[in-house]
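Here is the naming used below: chain letters follow the sequence lines, and residue numbers restart at 1 for every chain. Note: hydrogens, waters and symmetry copies are ignored here, and every other heavy atom, side chains too, is used. Everything numeric in this text was worked out from a predicted model, so none of it was measured.
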Amino acid sequence: MQSESETSVRLRFAPSPTGYPHLGNIRTALFNWLFARHHGGKFILRIEDTDVARKVEGAVEVILDSLRWLGLKWDEGPYFQSQRLPIYREIAQRLIEEDHAYLCYCSPERLETMRREQAKRKQPPKYDRHCRDLTQHEKTQLEATGIAPVIRFKTPLEGKTTFYDLIHGPVTFKHDVLDDFILLKSDGYPTYHLANIVDDHLMFISHVLRGDEWLSSTPRHVLLYQALNWQAPQFAHLPMILGPDRAKLSKRHGAITITEYQRQGYLPDAMINFLTLLGWSLDDRTELLSQEELIKHFSLERVGKTAAIFNRDKLEWMNGVYLRKLSPGEFVRQAMPFLDRDLPESVERPLNSTYVNQVLSLIQERAKTLAEVSQLASFFFLEELKYDTGLLSSGKLAAEPAARTITIASQKLEEVTTWDATTLEDILRPLATELNLSAGALFGLLRVAVTGRTAAPPLFQTMAVLGKKKCLKRFDAALQLLSTYLS
RNA sequence: GCCCCCAUCGUCUAGAGGCCUAGGACAUCAGCCUUUCAAGCUGAAGACCAGGGGUUCGAAUCCCCUUGGGGGCACCA
């Protein structure tokens, strides 16, 4: 790390691999990234894997994949705290030597009963500082028992700590509401509080942007920086993203991980645009911003303080906007994997790319997500359509005229040699008048016969893409259906 | 229980004392366009700015209290 690091803008995203990242985690990463990019600074990735017990296998890869998918490139790292253990132990040791920390031999059981007592007496749960002032004799005795101690911070008994939060302004905590929190666990791993501040210092982090849930731990961190005689970074606590029940986002809300959004066919740019607007705004009207614009305009001054419930409808809308903005070629490129994944197995692979191009040109402005594409386009690919006869005729009475209409249309189309949308329209539109039907009634009927559904892309274009052979075959199938229905 | 944070339409938000009879977006509803759907366009409805006190000539904007919501108080992060 160069010496200029000490003065430059350096942000970090420091997730712990205890689960897969969700919207809240990623929004934090995004704001850090935006802030770093806006200031021409560095964005660093650090994995805080100090909780051996809760570590989730494969989580690190998912975190990296999520960031890569969104295009949040990091400039350094990933660093792993589990590979830096000696550093934390050394710092913890130093704190003991300088009388800012002490060894604690209290058993989890003792702590547990202590907390239960406190709860019973409606007292705040706080470590009672039992080991803070052990005599040398007591220390020696406890050491002899072989109990693995933890290292606790000697929180000042009196006074208060005030820090300036870039979003909240000055925030003050009295020391007596803090307790002697643990720095180093008995397994030799540091806790978040220790590892986090040690690394932020060693990695020259200039700004700490994290969720509001960390606000009340910040005085501990400030105290640690002071004890170590280090300069603290600037803090900015971002408003949280809440679940529909207004509670902190968690697995309970369907655990929608960021990779799940990818799977459901959301575009990274749409996600980024949407997520940035959760807590930040440019002005009173701008909703759609490119990454470049976001980077250009992002500032902490325009970050709000109120927690937000994320609104899936709006995300869908925005994704639709981004989908429509794609060039036809790019849309195909994006949608192809989804078609491959979701179209029924019966559809022959590989898909014909010329055909797919034609089909998707009719689908693009109708899809809100890429995952919807297969559903919207399936009838283009299936050999046989399955649908309710009721769609062709509302009741037996209408079945016969319906069959007659389809037969006539089918005969007319049989003769067509130039199978394109204009020709088809030129033939079928007059037919409606001829049969004394409204255009809507005729086209609606044919649409069901050709697509198996009542809502589909425009009929003539659809038929043009499907091709003559398939269309006529589907008319026959519809007639079959109607005849079985009549008999 | 204690501490901290927050408080504008259902949701995301604009608003940093007079521009606010509170603006935009999503969703909703209606109309237009139209062969259905989608898109687009137009319009409607939707917030007595949580409530109550102040300060001020004047408050959504400043202060206080209340209420509500959230977060934290682990050998989790």
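Side-chain atoms of A:Gln93 do not come within 3.5 Å of backbone N or O of A:Arg89 as any donor-acceptor pair. Judged purely by atom type and a 3.5 angstrom limit, A:Trp74 uses its side chain to pair as donor or acceptor with the backbone of A:Gly77. A side-chain donor-acceptor contact under 3.5 Å links A:Glu293 to the backbone of A:Ser290. Of the possible donor and acceptor atoms, none in the side chain of A:Asp388 sits under 3.5 Å from a partner among the backbone N and O of A:Leu391.
Using P as the reference atom, B:rC57 and B:rU67 are 32 Å apart when rounded to the nearest Å. The same atom, P, is picked in B:rG18 and in B:rG58; the two are 14 Å apart, to the nearest Å. For B:rA22 and B:rA14, the C1' atoms lie 9 Å apart once the distance is rounded to whole Å. A gap of 32 Å separates the C1' atoms of B:rC32 and B:rC20, to the nearest Å. Comparing the C1' positions of B:rC73 and B:rG17 gives an interatomic distance of 39 Å, to the nearest angstrom. Distance noted for atom C1' between B:rC41 and B:rC5: 44 Å (whole Å). Taking atom C1' on both nucleotides, B:rC6 is separated from B:rG43 by 36 Å, rounded to a whole Å. With P as the reference atom, B:rA16 and B:rC3 are 34 Å apart, rounded to whole Å.
Within 4.0 Å of A:Ala308, counting heavy atoms only, lie sugar-phosphate atoms of the nucleic acid but no base atom. The residue A:Thr50 sits close only to the backbone: its heavy atoms come under 4.0 Å of sugar-phosphate atoms, none of a base. As judged by a 4.0 angstrom heavy-atom cut-off over every strand, A:Phe460 is placed among the base-contacting residues. Nucleic acid contact for A:Thr286: none, since no nucleic acid atom lies under 4.0 Å from a heavy atom of the residue. A:Arg302 comes within 4.0 angstrom of sugar-phosphate atoms only, judged by non-hydrogen atoms across all strands, and of no base. As judged by a 4.0 angstrom heavy-atom cut-off over every strand, A:Leu215 is placed among residues touching the sugar-phosphate backbone only. Note on A:Gly279: only backbone sugar-phosphate atoms sit closer than 4.0 angstrom, heavy atoms only; bases stay farther off. If you check every strand for non-hydrogen atoms under 4.0 Å, A:Thr306 touches sugar and phosphate atoms only. At the heavy-atom level, A:Met318 lies nowhere under 4.0 Å from the strands shown. A:Arg324 comes within 4.0 angstrom of sugar-phosphate atoms only, judged by non-hydrogen atoms across all strands, and of no base. A:Glu213 comes within 4.0 angstrom of sugar-phosphate atoms only, judged by non-hydrogen atoms across all strands, and of no base. Here A:Glu48 lies in heavy-atom contact (under 4.0 Å) with sugar-phosphate atoms only. Nucleic acid contact class of A:Thr454 (heavy atoms, under 4.0 Å, all strands): base. Using a 4.0 Å heavy-atom cutoff across all strands shown, A:Cys104 reaches no nucleic acid atom at all.
Comparing B:rA77, B:rU11, B:rG72 by their nearest atom to the side chain of A:Arg246 picks out B:rU11. Considering only the side chain of A:Arg115, B:rC75 comes nearest among B:rG70, B:rA77, B:rC75. Of the candidates B:rA74, B:rA38, B:rU11, B:rU11 carries the atom nearest the A:Asn311 side chain, counting heavy atoms from C-beta on. Checked against B:rA27, B:rU35, B:rA77, the side chain of A:Arg54 finds its nearest nucleotide in B:rA77. Residue A:Pro458 has its side chain nearest to B:rU35 when only B:rA39, B:rU35, B:rU11 are considered. Closest to the A:Pro124 side chain, of the nucleotides B:rU11, B:rC6, B:rG1, is B:rG1. In this structure, of B:rC37, B:rA74, B:rA77, it is B:rC37 that holds the atom nearest to the side chain of A:Arg366. When the nucleotides B:rU13, B:rC26, B:rA77 are ranked by their closest atom to the side chain of A:Trp317, B:rC26 comes out on top. Nearest nucleotide to the side chain of A:Tyr192, out of B:rG70, B:rA77, B:rC5: B:rA77. With B:rC5, B:rU35, B:rG72 as the candidates, the nucleotide lying closest to the side chain of A:Arg429 is B:rU35.
Only one option out of A:Leu209, A:Val303, A:Leu300 pairs with A:Leu166 in a side chain to side chain contact (heavy atoms under 4.5 Å, CB included); it is A:Leu300.
A:Asn319 places its CG atom 15 Å from the C1' atom of B:rA39, with the value rounded to the nearest Å. Rounded to whole Å, the distance from CH2 on A:Trp214 to C1' on B:rA74 is 12 Å. If you take NE2 of A:His237 and C1' of B:rG70, they are 15 Å apart, rounded to a whole angstrom. When rounded to the nearest whole Å, the span between CG of A:Asp313 and P of B:rC29 equals 12 Å. Distance CD1 (A:Ile309) to C1' (B:rC9): 14 Å, rounded to an integer number of Å. Atom NZ of A:Lys325 and atom P of B:rG40 are 12 Å apart (whole Å). In this structure, CG of A:Asp284 is placed 12 Å from C1' of B:rA22, rounded to the nearest angstrom. Taking atom CG of A:Leu242 as the reference point, atom C1' of B:rG68 lies 14 Å away to the nearest angstrom.
When both distances must be under 3.5 Å, the Watson-Crick or G-U wobble mate of B:rU56 does not exist. Under the Watson-Crick and G-U wobble criteria, each requiring two contacts below 3.5 Å, nucleotide B:rU28 is paired to B:rA44. In this structure B:rU35 sits in no base pair that meets the Watson-Crick or G-U test at under 3.5 Å. B:rC73 is paired with B:rG1 under the criterion used here, namely a Watson-Crick or G-U wobble arrangement in which both key atom distances are under 3.5 Å. In this structure, B:rC19 forms no base pair with any nucleotide, since neither Watson-Crick nor G-U wobble geometry is met with both distances under 3.5 Å.
Checked by atom type, the side-chain pair A:Asp199/A:Gln81 shows a donor-acceptor distance below 3.5 Å.
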Decide yes or no on salt bridge (charged side-chain N to carboxylate O under 4.0 Å, His left out) for A:Glu434 and A:Lys412, but give the supporting numbers first. CA-CA 12 Å; A:Glu434 223 173 282; A:Lys412 287 241 180 203; 3.5 Å; yes

Any chance you could lay out the ring-ring contact (aromatic ring centres under 6.0 Å, His included) test for A:Phe298 and A:Phe31, step after step, and finish with the verdict? CA-CA 9 Å; A:Phe298 186 81; A:Phe31 278 28; 5.1 Å; yes

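Under 3.5 Å, the side chain of A:Ser186 and the base of B:rC75 form at least one donor-acceptor pair of N or O atoms.
Note that CG of A:Leu183 and CD1 of A:Ile91 are 11.0 Å apart. Values are rounded to the nearest 0.5 Å.
An OP1 or OP2 oxygen of B:rG1 is reached within less than 4.0 angstrom by no side-chain nitrogen or oxygen of A:Lys126. The shortest distance between the side-chain N/O atoms of A:Lys122 and the OP1/OP2 oxygens of B:rC73 is not below 4.0 Å. Dashed line: the shortest gap from a side-chain N or O of A:Lys314 to OP1 or OP2 of B:rC12 is not under 4.0 Å.
Taking the ring axis of A:Tyr102 as reference, the NZ or CZ atom of A:Arg132 does not stay both within 45° of it and closer than 6.0 Å to the ring centre.
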